[in-house]
Amino acid sequence: MDLLKEKILNEGRVVSDGVLKVDGFLNHQIDVSLVNEMGKDIYERFKDKGITKILTIEASGIGLACLTAQYFGCKVLYAKKSKTSNMGNSDLYTSRAYSFTHQTENTVLISKKYLEAGERVLIVDDFLAHGEATKALIDLVNQAGAELSGVAIAIEKGFQGGGDKMRADGVDLYSLAIVESMTVEGGVVFRE
Ligand code: 5GP
């Protein structure tokens with residue numbers, strides 16, 4: 001998506017450990033009109049798939065998920081990274097995701113009551129790197145007996161391989177921008 005790619009080139013910042021900072025418009029401050037256009041683009045790609053729910057993960061996937069969901073007219077469910085006191089274990093689906101960015105393993109969880117068997121789920125997230133977070137969300141969809149209709153990602157870091165592995169596994173994955181390589185000195189190069 002050209003609008004997003006331009007924004008990344010103009011305002012994104014590559015930090016030394018292979019992390020792309022997009023804090024100014026996507027995952028700290030949010031440029032709502034840009035993210036709204038991204039949501040519209042995702043809708044155009046998946047509108048024929050009968051999506052009944054969008055699933056994301058807290059916190060930075062939520063903005064894009066909500067602006068996307070308004071086009072589908074469906075609800076957003078976001079996986080939490082910690083349990084609140086009113087959530088009993090038996091009421092939850094849980095999975096685990098290792099974060100290479102933060103070098104920690106997170107448990108991700110959703111309430112069983114918000115994802116039912118037979119629902120058609122679109123997973124939406126801000127970044128896909130090694131694919132761990134997305135894989136954990138897919139695991140939650142499978143545990144619920146729901147159907148994975150597709151995965152939409154704002155920025156895929158293609159050089160970290162998670163996206164290509166997922167495509168090879170048959171996942172209908174759509175990334176609005178795929179970063180093929182990036183360096184602090186040379187900036188970002190997108191996949192054609
Ligand atoms: P994965 O599980 O695919 O390896 O990483 C996905 C998660 O890690 C994303 O949800 C995002 O929070 C974080 N992440 C991975 N790479 C980057 C990056 O380059 N920049 C930012 N801001 N977050 C990243």
Side-chain angles (χ1 to χ4, degrees), residues 1 4-31 34-35 38-39 42 54-69 76-82 93-110 121-142 148 150-191:
M1 187 207 190
L4 174 62
K5 288 182 186 170
E6 262 171 50
K7 194 80 169 175
I8 293 169
L9 291 176
N10 291 332
E11 295 182 29
R13 195 167 54 87
V14 181
V15 299
S16 54
D17 55 356
V19 173
L20 177 63
K21 285 268 187 194
V22 288
D23 285 16
F25 58 93
L26 190 61
N27 51 26
H28 188 25
Q29 174 169 264
I30 296 176
D31 182 333
L34 169 69
V35 178
M38 292 160 61
I42 292 170
I54 289 181
L55 177 64
T56 188
I57 184 164
E58 67 177 359
S60 41
I62 297 175
L64 176 59
C66 288
L67 287 163
T68 303
V76 170
L77 177 63
Y78 64 91
K80 295 182 178 236
K81 290 178 182 163
S82 60
Y93 297 118
T94 65
S95 191
R96 294 184 75 73
Y98 182 76
S99 166
F100 287 92
T101 317
H102 301 108
Q103 306 210 335
T104 51
E105 188 166 63
N106 291 311
T107 298
V108 297
L109 51 98
I110 56 172
V121 179
L122 177 65
I123 290 174
V124 171
D125 206 1
D126 60 339
F127 270 94
L128 189 148
H130 296 86
E132 289 287 309
T134 306
K135 268 194 285 177
L137 294 178
I138 293 174
D139 184 30
L140 297 176
V141 172
N142 290 335
L148 178 70
V151 176
I153 298 291
I155 305 171
E156 175 182 338
K157 291 191 293 181
F159 59 91
Q160 286 172 329
D164 288 333
K165 185 158 185 318
M166 225 163 264
R167 290 185 185 92
D169 289 342
V171 174
D172 185 3
L173 168 64
Y174 176 53
S175 299
L176 302 185
I178 303 180
V179 177
E180 193 57 67
S181 62
M182 60 186 204
T183 56
V184 177
E185 307 76 32
V188 168
V189 176
F190 294 108
R191 186 181 291 183

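What you see below is based on every heavy atom in this structure, not just the backbone, and it leaves out hydrogens, waters and symmetry mates. When a ligand or atom number is given, it counts from 1 through the structure's own listing order.
Within the 4.0 Å heavy-atom criterion, neither part of I57 lies near ligand 1. Under 4.0 Å from ligand 1, the heavy atoms of N27 that appear belong solely to its side chain.
More than 12 heavy atoms of other shown residues, nucleotides or ligands fall within 6.0 angstrom of atom CZ in R191.
Considering backbone and side-chain atoms together, H130 places an N or O closer than 3.5 Å to an N or O of ligand 1. Where the criterion is an N or O separation shorter than 3.5 Å, residue side chain and backbone included, F100 fails it with respect to ligand 1. Taking any N or O of E132, backbone or side chain, at least one lies under 3.5 Å from an N or O belonging to ligand 1. The distance criterion of under 3.5 Å between nitrogen or oxygen atoms is met by L20 with respect to ligand 1. Taking any N or O of A129, backbone or side chain, at least one lies under 3.5 Å from an N or O belonging to ligand 1. Distances between N or O atoms of G131 and those of ligand 1 include at least one value under 3.5 Å.
Here the heavy atom of the protein found nearest to atom 8 (O) of ligand 1 is T101 OG1, 3.6 Å. The nearest protein atom to atom 24 (C) of ligand 1, hydrogens excluded, is given as F127 CG, 3.8 Å; this is a heavy-atom distance. In terms of protein heavy-atom proximity, atom 19 (O) of ligand 1 is nearest to K157 NZ, 2.7 Å. The shortest contact between atom 2 (O) of ligand 1 and any protein heavy atom is with A133 N, 2.8 Å.
Residue nearest to atom 12 (O) of ligand 1, selected from I153, T56, D126, L137: D126 (by heavy-atom distance).
Using a 4.0 Å cut-off between a side-chain N of Lys or Arg and a carboxylate O of Asp or Glu, K135 and D169 do not qualify as a salt bridge. Under a 4.0 Å N-O distance rule, the pair E180/K157 does not qualify as a salt bridge.
Remark: I54 CD1 to Y78 OH distance equals 15.5 Å, nearest 0.5 Å.
Between the side chains of D139 and S95, a donor-acceptor pair is found at a separation under 3.5 Å.
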Practice prompt. Let me see the working for I155 and V22 under side chain to side chain contact (heavy atoms under 4.5 Å, CB included), right down to the final yes or no.
Written response: CA-CA 10 Å; I155 305 171; V22 288; 4.0 Å; yes
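Distance alone, capped at 3.5 Å, places no donor-acceptor pair between the T94 side chain and the V108 backbone. E58 places a side-chain N or O within donor-acceptor distance of the main-chain N or O of K81, the cut-off being under 3.5 Å.
Residue contacts with ligand 1 do not include T134, since none of its heavy atoms lies under 4.0 Å from the ligand.
In this structure, the side chains of K7 and D31 come closer than 4.5 Å at one or more pairs of heavy atoms. L128 is listed as a side-chain neighbour of L173, based on a closest heavy-atom distance under 4.5 Å.
If you number the atoms of ligand 1 from 1 as listed, the ones under 4.0 Å from a heavy atom of L128 come out as 3 (O).
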